[in-house]
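First the proteins, then the strands, lettered A, B, ... as listed; each starts at 1.
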Amino acid sequence: MLTNAFRALLANPMRSLLVFLSLTVSITAVFLISAVAHGIVSSYSTILRSDGDLIVTQARIADTFFSDVDTALIPRISKLPGVSKVTAMIVGASPVGSLPIVAVYGLSPGRMSRYKILAGDYPKKGEAMVGQGIAGRFTGSTLSIGDRKFRISGVFGSETGFESGGVILSLEDAGALFHKKASMLFVDLDGTQPARKVMEAIRKLSDRIEVKSTDAFVKNYHQFRIIETSADVISAIALLMGLISIASIMSVTMLERKYEFGILRALGHSRAAIVGRILLETLMVGIVAYLTALAAALGILWILRRLPALQGYVDGVITLPLALEVGAAALTMTVLGAIVPAWRASGIDPMELITRGSRA
Amino acid sequence: MIEAKNLIHFYGQERAIDGISLRVAPGEFVALTGESGSGKSTLLAILSTLLRPDSGELRIEGKAPEAWGDLNRFRRRYIGFVFQFHYLIPYLSIAENVALAADRERRQEIPALLARLGIGEIARKKADEISGGQRQRAAIARAVVNRPRILFADEPTGNLDSKNSEKVFDLFRSIADEGTTLVVATHDRRLAERADRIIDIKDGRLV
Ligand SMILES: Nc1ncnc2c1ncn2[C@@H]1O[C@H](COP(=O)(O)OP(=O)(O)O)[C@@H](O)[C@H]1O
Ligand SMILES: [Mg+2]
């Protein structure tokens with residue numbers, strides 16, 4: 001069975017190669033776009049999720065980048081029952097040194113400790129700590145962020161590309177840079193009060209803020225939905241293109257092989273059996289293409305992650321669920337692309353075998 | 001056993017088969033002869049269930065096609081085919097080509113079958129590496145591997161020289177002698193003499 005399928009593929013190596021390539025290219029594209037989108041979403045949600053049970057942002061804003069929360073709320077929230085700790089963060093982006101755009105994080109003192117020190121110390125006022133991903137770009141003792149100069153206090157490490165390719169400042173310095181007090185506050189709970197009650201209490205403090213559990217915040221973050229939906233749409237187009245090319249290559253192949261199917265029909269093989277043979281052949285190519293695409297995508301992501309120009313921001317990850325999802329989509333695409341040409345070819349009237357004979 | 005009564009078949013306005021009745025006994029070797037265009041292929045296609053006649057009755061092994069239900073299963077069990085063109089799959093060996101058509105339990109008999117048909121030594125060769133006569137014998141092996149009750153052949157020697165044609169008819173003779181019913185269409189009168197009976201057709205009628 002399998003050897004025959006293999007032989008059939010080798011009988012027309014050029015054709016099989018074309019099917020293989022079109023499948024591989026479209027599956028690789030799906031992997032890359034999904035992995036990169038997934039990487040962006042998971043990097044940023046890792047930053048948001050890292051600590052804090054609740055997130056406080058400015059109410060009615062399009063994105064956390066525009067959020068401005070008054071830090072005067074910090075002592076007031078801290079005093080609420082059920083709250084153990086409140087930290088603040090500013091998320092911004094700015095030219096840093098010769099790099100055109102770098103993520104800049106302003107952190108309240110209580111939040112620094114989650115960044116691992118690789119060299120030096122956390123930044124005090126007038127100082128900046130650089131992520132290991134871009135540390136090599138700054139050899140002097142100072143760097144410029146926007147139009148301000150900072151003394152480099154040290155280097156930190158992070159698993160997240162967005163962080164290790166970024167710069168940490170004190171909350172006050174970042175506030176002056178981005179003209180705000182804080183982008184968001186992170187509230188840790190001590191467990192003595194239900195989260196819902198604490199959220200109620202925080203909401204009562206100001207009508208210009210929005211309070212969500214970190215989980216709900218990440219799940220409903222509009223930007224993530226946009227990124228994921230775009231990735232899904234582009235993936236669907238890539239799959240569709242793959243499907244169309246398989247279908248067109250298969251149509252030609254099937255036309256060439258119709259007498260092969262005709263003789264089987266004359267000898268009593270069912271259409272389903274013939275379609276099954278063709279699908280088996282195509283699926284074999286599909287599986288090899290899938291594995292090749294997986295390897296290619298992992299390779300390309302590895303390179304993207306290390307490409308200095310990208311500062312580690314393009315940090316695509318292929319998780320097992322993603323690999324399985326793309327696998328299922330790829331196999332579906334393969335079957336769909338092959339099944340119509342296969343069904344049509346299997347419908348050959350064995351009478352054509354007689355007709356061809358009399359013409360020969 | 002084949003019984004046909006008053007078969008009629010049109011291609012458009014043309015009456016290609018014009019009221020043919022005939023009976024082929026089990027194990028009989030029948031040759032259909034006639035000039036080109038006389039209707040041999042069309043009659044053979046009807047008798048072998050490949051073509052449904054416009055009217056008339058056909059019974060194979062006592063059953064009418066409507067009662068066969070699954071025509072695939074019927075063909076697989078009762079009917080073998082050889083055409084003028086061999087239709088061997090070029091990328092498979094001769095043995096694999098035969099195996100492709102064979103029922104699972106018949107596969108082990110293939111080497112012996114090929115040996116008996118005189119192509120045992122080329123079992124592993126591909127179709128384009130052997131001679132025309134060998135190819136046609138391979139096509140016959142594929143047609144008889146499931147031991148069909150009836151073997152149909154349409155101009156099986158049409159692409160062969162006279163020596164290879166003789167060999168093919170020798171083979172048919174021995175297959176018939178083992179009890180298989182044979183219906184072979186050929187325009188070659190001399191070869192047809194090898195059959196038990198010749199059915200001559202002209203303009204879609206028996207002569
Ligand atoms: N598919 C077809 N469409 C139209 N006419 C056909 C077709 N096949 C055969 N014919 C005509 O039917 C007649 C019988 O043809 P055929 O059965 O092939 O005869 P033979 O096999 O004896 O040469 C011929 O006149 C031929 O032109
Ligand atoms: Mg003919």
* Asked: Heavy-atom distance under 4.5 Å to chain B: side chain of A:A8, backbone, both or neither?
  -> both

* Would a 4.5 Å heavy-atom cut-off, applied to side chains only, mark B:F169 and B:F29 as touching? -> yes

* Would A:R271 and B:N72 count as having a side-chain donor-acceptor pair, cut-off 3.5 Å? -> no

* Pick one of side chain, backbone, both or neither for B:L92, based on which atoms fall under 4.5 Å of a heavy atom in chain A. => side chain

* Examine whether an atom of B:E155 lies under 4.5 Å from a heavy atom of chain A, and if so say whether it belongs to the side chain, the backbone or both; otherwise answer neither. => neither

* Asked: Is there a donor-acceptor contact under 3.5 Å linking the side chains of A:Y44 and A:E163?
  -> no

* Just give me the residue among A:P350, A:A273, A:A266 that pairs up with chain B most often, heavy atom to heavy atom, under 4.5 Å. => A:A266

* Asked: Does B:T181 use its side chain to pair, donor to acceptor, with the backbone of B:G27 at less than 3.5 Å?
  -> yes

* Asked: Which region of A:R257, side chain (C-beta onward) or backbone (N, CA, C, O), has a non-hydrogen atom less than 4.5 Å from a non-hydrogen atom of chain B, or is it both or neither?
  -> side chain

* A:D349 versus chain B, heavy atoms under 4.5 Å apart: side chain, backbone, both or neither? -> side chain

* Asked: Checking B:L88 against chain A: side chain, backbone, both or neither under 4.5 Å from a heavy atom?
  -> neither

* Ring-ring centroid check B:F85 B:Y87, cutoff 6.0 Å -> yes

* Asked: Does one side chain, of B:T42 or B:Y11, offer a donor that lies under 3.5 Å from an acceptor on the other?
  -> yes

